[in-house]
**Q** 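Before I ask anything, here is the structure I am working with.
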Amino acid sequence: MLKTLVEVRYIMKDKYFITTWLLILVPLTVFLIITIWVVDLLFLAPQWRQAIPAVVGFAATFLVLGVFIRGKFGKLVF
């Protein structure tokens with residue numbers, strides 16, 4: 001069966017939506033996993049334990065910032 005132009009646009013919009021979320025969230029999630037690994041390494045060295053809240057704060061800030069940028073400007077970027 002042939003799909004109408006409206007149906008094709010709706011399908012492409014849905015694919016666009018998923019693709020842009022993946023392009024933003026996958027690198028940020030990898031960054032968060034690396035941050036957890038770094039926090040684990042910092043916890044092993046007593047002199048670096050004071051830096052752990054700063055590292056976690058930066059990771060959380062970048063994750064929230066990435067989601068905000070995708071939600072607000074995603075259609076302009078991609």
Side-chain angles (χ1 to χ4, degrees):
M1 288 188 201
L2 294 175
K3 295 183 179 186
T4 64
L5 186 58
V6 174
E7 290 174 345
V8 171
R9 279 190 172 172
Y10 182 75
I11 292 170
M12 291 304 291
K13 184 178 179 183
D14 192 39
K15 286 183 181 179
Y16 158 82
F17 181 76
I18 293 169
T19 303
T20 56
W21 272 111
L22 286 175
L23 286 173
I24 296 296
L25 289 182
V26 169
L28 290 173
T29 305
V30 170
F31 176 72
L32 190 63
I33 291 169
I34 291 171
T35 302
I36 293 169
W37 175 66
V38 168
V39 165
D40 189 42
L41 290 177
L42 290 175
F43 191 75
L44 296 176
Q47 69 269 24
W48 288 102
R49 285 188 185 165
Q50 295 174 351
I52 291 175
V55 171
V56 172
F58 276 112
T61 301
F62 281 115
L63 182 64
V64 170
L65 187 63
V67 170
F68 172 75
I69 288 172
R70 166 40 187 105
K72 193 72 172 171
F73 306 110
K75 291 186 178 183
L76 299 175
V77 175
F78 297 104

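Fair warning: this is a prediction, and the values are worked out from it, not measured in the lab.
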**Q** Side-chain heavy atoms under 4.5 angstrom apart, residues restricted to Ile, Leu, Val, Met, Phe, Trp, Tyr: same cluster for Val30 and Val55?
**A** yes

**Q** Verify the cluster assignment for Ile33 and Phe58: are they in a single hydrophobic cluster under the rule of side-chain heavy atoms below 4.5 Å apart?
**A** no

**Q** For Phe62, give me all partners under ring-ring contact (aromatic ring centres under 6.0 Å, His included), at least two apart in sequence or on another chain.
**A**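 ring-ring contact (aromatic ring centres under 6.0 Å, His included) list for Phe62, sorted by chain: Phe31.
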
**Q** List the residues meeting side-chain contact (heavy atoms from CB on, under 4.5 Å) with Leu65, not counting sequence neighbours, and say none if there are none.
**A** Ile69

**Q** Output side-chain donor-acceptor pairs under 3.5 Å for residues 43-53, partner residues at least two apart or in another chain, one line each.
**A**
unit_1 : atom_1 : unit_2 : atom_2 : d
Arg49  : NE     : Phe43  : O      : 2.8
Arg49  : NH2    : Phe43  : O      : 3.1

**Q** So Trp37 and Leu41, do their side chains get closer than 4.5 Å, heavy atoms only?
**A** yes

